[in-house]
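Shown next, in structure tokens, is the structure this report addresses.
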Amino acid sequence: MNSEQSTAPERGDFIREIVAADLREGRVKGVITRFPPEPNGYLHIGHAKAICIDFGVARDFGGRTNLRFDDTNPVKEEQEFIDGIEADVRWLGFDWGKHLYFASNYFDQLYEWAVYLINAGKAYVDDLTADEIREHRGTLTDPGRNSPYRDRSTAENLDLFERMRAGEFPDGARVLRAKIDMAAPNINLRDPVMYRILHASHPRTGDKWCIYPTYDYAHGQSDAIEGITHSLCTLEFEIHRPLYDWFIENLPVPARPHQWEFARLNITYTVLSKRVLKRLVDEHYVRGWDDPRMPTIAGLRRRGFPASGIRDFVTEVGVAKADSTVEMAMFEHVIRDVLNRKALRRFAVLSPLKVVIENYPEGQTEEMDVPNSPENPDAGTRHVEFGRELWIEREDFMEEPLPKFFRLAPGREVRLRSAYFITCKDVVKNSAGEVVELRCTYDPATRGGDSPDGRKPKATLHWLSAANAVLAEVRLYDYLFTRPDPGADGDLFADVNPASETVLQGCMLEPALAATPIGETVQFERLGYFCPDLDSSPERLVFNRTLTLKDGWAKAQARG
RNA sequence: UGGCGCGUGGCCUAAUGGUAAGGCACCUGACUCUGGAUCAGGGGAUUCUAGGUUCGAGUCCUAGCGCGCCAGCCA
């Protein structure tokens, strides 16, 4: 995925146009981008957009992409997240080769450069507390005031900074700040903090450091060290660019990376904020970061959404600078498009209703040939056992059919897919009046699903032989939130959809489905796309519904 | 209120000064052994507003309005 020698697209999104121009006009000789996650949680589909852009742009111009962890805050970061993020990027289909880096690799260099700035009179140690610093910063409209420690001598700054590093001071006692302009209209330029004291051990550097660089100080220089030509990120960092540029211009860095910002992804009926996702996990609204309802990469994977579909979605959405919220329907459309072409068809009955074929010989079975994929004849056919006792979907029968209901009803004939036409002769009920069994007859002349006399039933049902269907649990998923704009009028957590998961027991599957590998999504005919859950085992099959099929009947019903 | 950015059908995106285009969604119809898929068609935009430059403006200029982001020792 990263080694294609391709030519630049003649016209792409605004970022690709910039890159093409930089190449054409000789500002850069090649293209190196980077994907820079902080390992403080799991990646979500918003990150997938960034990943596709970072790796996609480099690939389109024959360049390369580094995976660099921006691990500058050890109190929030964990090895678990590093591992998870690597796995997610890889699963999405991207390869950083040997270019795996960590901002923490540059801690020594960053420290040296901090000293360089102190010597240049452009950084100072501040003894103000966090509250005092905030107070001195001013507001959006009022300029800030200089710290009383702003004009310390270089010698004193050097001494204090060295002692900060040596661990002489407790957390929060002092910080190193860039000396820029406390009256700058851009608040990021009001003497931003470069280093803070954090007596915390780091997943990578252990206890070597007790002072850590801030993201603002570390990011641009890390890009410079790696020779990143185009530092792509989301819009909220736009206002920080002048600060990155200030560091780059005032430090003897080996290269001058340029940052370009694009709008982050938003999708209706879900939320793409690490902070909120973490709360959903911590407060048990979901079972974990990889819960199939989560918009995390791990959740999407577990839910059965193919990586290629996620990539296609990002392409479909495009890259621009205007804030936008994409409808979930667009995501689902792209996923269905991929799955319709790729997914093998299988039979499964989620809510089984017994059917007895009265005129079918007792004890007889047949192997029916059923296509694996009508979209792709090369996928061949498989055998599905037919017998006297069958399961059909409870919803496929109505004792008193509504006007536009085409499926089975007393006296009506329907087709069982790739099998026979059957006609409902009788309805068996229990003492509560519930339908528990249908007595039907079949037409032996319709074997395979076609009638020699040209009869065409208005409905075709999926079915399973009661004798060999296997039992499974099936989990149905719906939107995580009840409204397209969760939290828009108040508490976001009050908008969590209480019916986002429905667990069905006693579902019947085609026996072959028991061997479906994790990671494969199949279509249960007429029902939707499903995949085995991580909880699934040969002893206890568990399937997730990835997505339903588009359902005109359900839509008409909902419309009334 | 200061700074930065952004305003194109319900949603996303295109146009590179020359007849506002495409996808999603929605609505018809055709076809169909998945009420799926596919195919054909349809409705829907005074390009935020007002001025200006120009033979010609979604695009350039000015002003206004609206929205987003920034006052972490988070990223």
Side-chain angles (χ1 to χ4, degrees), chain A residues 11 13 17 36-38 40 70-73 75-77 126 128-130 133-135 137-144 171-177 184-190 192-198 211-212 214-216 218-219 233-242 261 263 265 267-268 274-275 316-334 336-337 340-341 345 347 370-371 374-375 404-407 415-419 421 446 448-450 456-462 484 523-528 548-556:
Chain A
R11 185 159 295 182
D13 50 74
E17 284 178 23
E38 186 194 14
N40 67 343
D70 271 340
D71 53 350
T72 54
N73 185 2
V75 321
K76 290 186 176 175
E77 296 155 6
D126 196 346
L128 255 26
T129 64
I133 287 180
R134 183 182 324 115
E135 200 249 315
R137 187 151 33 224
T139 69
L140 296 178
T141 47
D142 306 316
D171 287 6
R174 291 177 224 264
V175 293
L176 182 74
R177 293 228 251 167
N186 179 347
I187 290 181
N188 294 289
L189 263 17
R190 319 242 263 230
V193 171
M194 295 166 57
Y195 271 91
R196 69 287 213 195
I197 301 171
L198 253 25
I211 58 171
Y212 291 93
T214 57
Y215 170 88
D216 277 341
H219 193 84
C233 67
T234 44
L235 250 24
E236 66 269 28
F237 294 101
E238 197 161 32
I239 196 81
H240 293 246
R241 193 176 58 222
E261 309 86 6
L265 177 65
I267 305 178
T268 56
K274 252 195 217 176
R275 195 195 104 253
E316 197 69 21
V317 164
V319 184
K321 291 194 74 163
D323 293 312
S324 63
T325 301
V326 177
E327 290 178 343
M328 184 67 90
M330 172 139 32
F331 176 71
E332 296 181 343
H333 164 78
V334 174
R336 285 194 181 100
D337 188 50
N340 177 50
R341 281 181 276 114
R345 311 294 129 121
F347 286 164
V370 185
E375 300 297 321
K404 294 256 178 66
F405 183 85
F406 304 144
R407 289 110 95 161
R415 172 192 293 117
L416 294 183
R417 167 139 238 231
S418 302
F421 292 3
T446 59
D450 277 310
K456 293 207 178 294
K458 294 196 76 173
T460 299
L461 310 186
H462 59 281
Q523 185 191 107
F524 289 178
E525 289 217 29
R526 302 208 307 134
L527 297 175
T548 60
L549 255 25
K550 269 171 54 182
D551 187 344
W553 166 249
K555 197 178 188 176

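Throughout, protein chains are lettered first and strands after them, A, B, ... in sequence-line order, and every chain is numbered starting at 1. Just so you know, these numbers come straight off a predicted model, no measurement behind them.
- Candidate nucleotides B:G35, B:G23, B:U38 were compared by shortest atom distance to the side chain of A:Glu316, and B:G23 ranks first.
- Nucleic acid contact class of A:His240 (heavy atoms, under 4.0 Å, all strands): base.
- One atom, CD1 of A:Ile239, and another, C1' of B:C69, lie 7 Å apart when rounded to the nearest Å.
- In this structure, A:Thr268 does not reach the B:C11 phosphate: none of its side-chain N or O atoms is under 4.0 Å from OP1 or OP2.
- A close approach under 4.0 Å does not occur between any side-chain nitrogen or oxygen of A:Arg415 and OP1 or OP2 of B:U34.
- Regarding A:Leu549, its CG atom lies at a distance of 7 Å from the P atom of B:A37, rounded to whole Å.
- Aromatic ring orientation, A:Trp553 versus A:Phe405: perpendicular (interplanar angle above 60°, classes split at 30° and 60°).
- Looking at A:Glu375 and A:Arg345, their side chains come closer than 4.5 Å, going by heavy atoms from C-beta outward.
- Counting non-hydrogen atoms under 4.0 angstrom, A:Asp450 reaches a base of the nucleic acid.
- Nucleotide B:U1: unpaired (no Watson-Crick or G-U wobble partner with both distances less than 3.5 Å).
- Residue whose closest nucleotide on RNA chain B sits further toward the 5' end, between A:Phe524 and A:Leu235: A:Leu235.
- Under 4.0 angstrom from either OP1 or OP2 of B:C73 there lies at least one side-chain N or O belonging to A:Arg137.
- Listed candidates were B:U34, B:A25, B:U1. Nearest to the side chain of A:Gln523 is B:U34.
- In this structure the side chain of A:Glu316 never reaches within 4.5 angstrom of the side chain of A:Val326, judged on heavy atoms.
- Across the strands present, B:G51 finds its partner in B:C61; the criterion is a Watson-Crick or G-U wobble pair with both atom distances under 3.5 angstrom.
- A:Arg407 contributes a side-chain N or O that forms a donor-acceptor pair with the base of B:G35 under 3.5 Å.
- In this structure, A:Asn188 and A:Glu77 both approach RNA chain B, and ranking their closest nucleotides by distance from the 5' end singles out A:Asn188.
- A salt bridge is defined here as a Lys NZ or Arg NE, NH1 or NH2 lying under 4.0 Å from an Asp or Glu carboxylate O, and A:Glu38 with A:Lys76 fails to meet this definition.
- Among the atoms of the strands shown, none is found under 4.0 Å from any heavy atom of A:Tyr195.
- A gap of 31 Å separates the C1' atoms of B:C65 and B:C26, to the nearest Å.
- At B:U34, none of the side-chain N or O atoms of A:His462 fall inside 4.0 Å of OP1 or OP2 (strictly under the cut-off).
- One cannot find a donor-acceptor pair under 3.5 Å joining the base of B:U38 and the side-chain atoms of A:Glu375.
- Proximity of A:Lys321 to A:Glu238: side-chain heavy atoms (C-beta onward) are separated by under 4.5 Å at one or more points.
- Between the P atoms of B:G22 and B:G41, the separation comes to 12 Å (whole Å).
- Taking atom C1' on both nucleotides, B:G7 is separated from B:G43 by 25 Å, rounded to a whole Å.
- For B:G72, the O4'-C1' to base torsion is within 90° of 0; the nucleotide is therefore syn.
- Judged purely by atom type and a 3.5 angstrom limit, A:Arg407 has no side-chain atom pairing as donor or acceptor with the backbone of A:Ala459.
- Contact between the side-chain N/O atoms of A:Ser324 and the OP1/OP2 oxygens of B:U13 is found at a separation under 4.0 Å.
- In the set B:C73, B:G2, B:U13, the nucleotide with an atom closest to the side chain of A:Ala130 is B:C73.
- Taking atom C1' in both B:U62 and B:A57, the straight-line distance is 15 Å, to the nearest Å.
- Per the geometry, CG belonging to A:Asp142 stands 11 Å off P belonging to B:G2, to the nearest Å.
- Distance A:Met330 CE to B:U13 P: 8 Å, rounded to the nearest Å.
- Nearest nucleotide to the side chain of A:Arg526, out of B:U1, B:G35, B:C12: B:G35.
- Among the nucleotides B:C69, B:G10, B:G3, the one closest to the side chain of A:Glu327 is B:G10.
- Counting non-hydrogen atoms under 4.0 angstrom, A:Phe405 reaches a base of the nucleic acid.
- Across all strands shown, B:U38 forms a Watson-Crick or G-U wobble pair, both distances under 3.5 Å, with B:A30.
- For the pair A:Lys555 and B:G35, the criterion of a side-chain N or O lying under 4.0 Å from OP1 or OP2 is not met.
- Minimum atom distance to the side chain of A:Arg196 is reached by B:C74, of the listed B:C74, B:C11, B:G5.
- To the nearest whole angstrom, the two P atoms, one in B:G5 and one in B:A63, are 14 Å apart.
- The residue A:Val326 sits close only to the backbone: its heavy atoms come under 4.0 Å of sugar-phosphate atoms, none of a base.
- Annotation: B:C6 and B:G72 have their C1' atoms spaced 25 Å apart (nearest Å).
- Taking the C1' atoms as reference points, B:G36 lies 33 Å from B:A45, given to the whole Å.
- Looking at heavy-atom distances under 4.0 Å, A:Pro374 makes contact with a base.
- Put simply, CG on A:Asp337 is 16 Å from P on B:G36, counting in whole angstrom units.
- For the pair A:Arg134 and B:G72, the criterion of a side-chain N or O lying under 4.0 Å from OP1 or OP2 is met.
- Looking at heavy-atom distances under 4.0 Å, A:Val319 makes contact with sugar-phosphate atoms alone, never a base.
- How far OG1 of A:Thr214 is from NE2 of A:His219: 12.0 Å, rounded to the nearest 0.5 Å.
- What separates NZ of A:Lys76 from P of B:G72 is a distance of 13 Å, to the nearest Å.
- Using a cut-off of 4.0 Å between Lys/Arg side-chain N and Asp/Glu carboxylate O, A:Asp337 and A:Arg341 are scored as salt-bridged.
- Comparing atom distances between the A:Asn73 side chain and each of B:C6, B:A37, B:C74 picks out B:C74 as nearest.
- Of all nucleotides listed (B:A75, B:G5, B:A25), B:A25 comes nearest to the side chain of A:Ala329.
- For A:Asn186, taking side-chain heavy atoms from C-beta onward, the closest of the listed nucleotides B:C12, B:G3, B:C73 is B:G3.
- Spacing between atom CG of A:Asp13 and atom P of B:G23 amounts to 20 Å, rounded to whole angstrom units.
- Residue A:Arg196 holds its CZ atom at 4.5 Å from CG of A:Asn73, rounded to the nearest 0.5 Å.
- Residue contacts for A:Ile267: at a heavy-atom cut-off of 4.0 Å it reaches no nucleic acid atom on any strand shown.
- With a 3.5 Å ceiling on both atom-pair distances, the Watson-Crick or G-U wobble partner of B:C11 is B:G23.
- A gap of 46 Å separates the C1' atoms of B:C31 and B:C67, to the nearest Å.
- In this entry the distance linking CD of A:Glu38 with P of B:C74 reads 10 Å, nearest Å.
- A:Leu527 CG to A:Leu549 CG: the interatomic distance, rounded to the nearest 0.5 Å, is 8.0 Å.
- For B:G35, the base is stacked against the aromatic ring of A:Trp553, per a cut-off of 5.5 Å between centres and 30° between planes.
- Across all strands, A:Ile133 comes closer than 4.0 Å to base atoms (heavy-atom distances).
- Closest to the A:Ala320 side chain, of the nucleotides B:U1, B:G36, B:A14, is B:A14.
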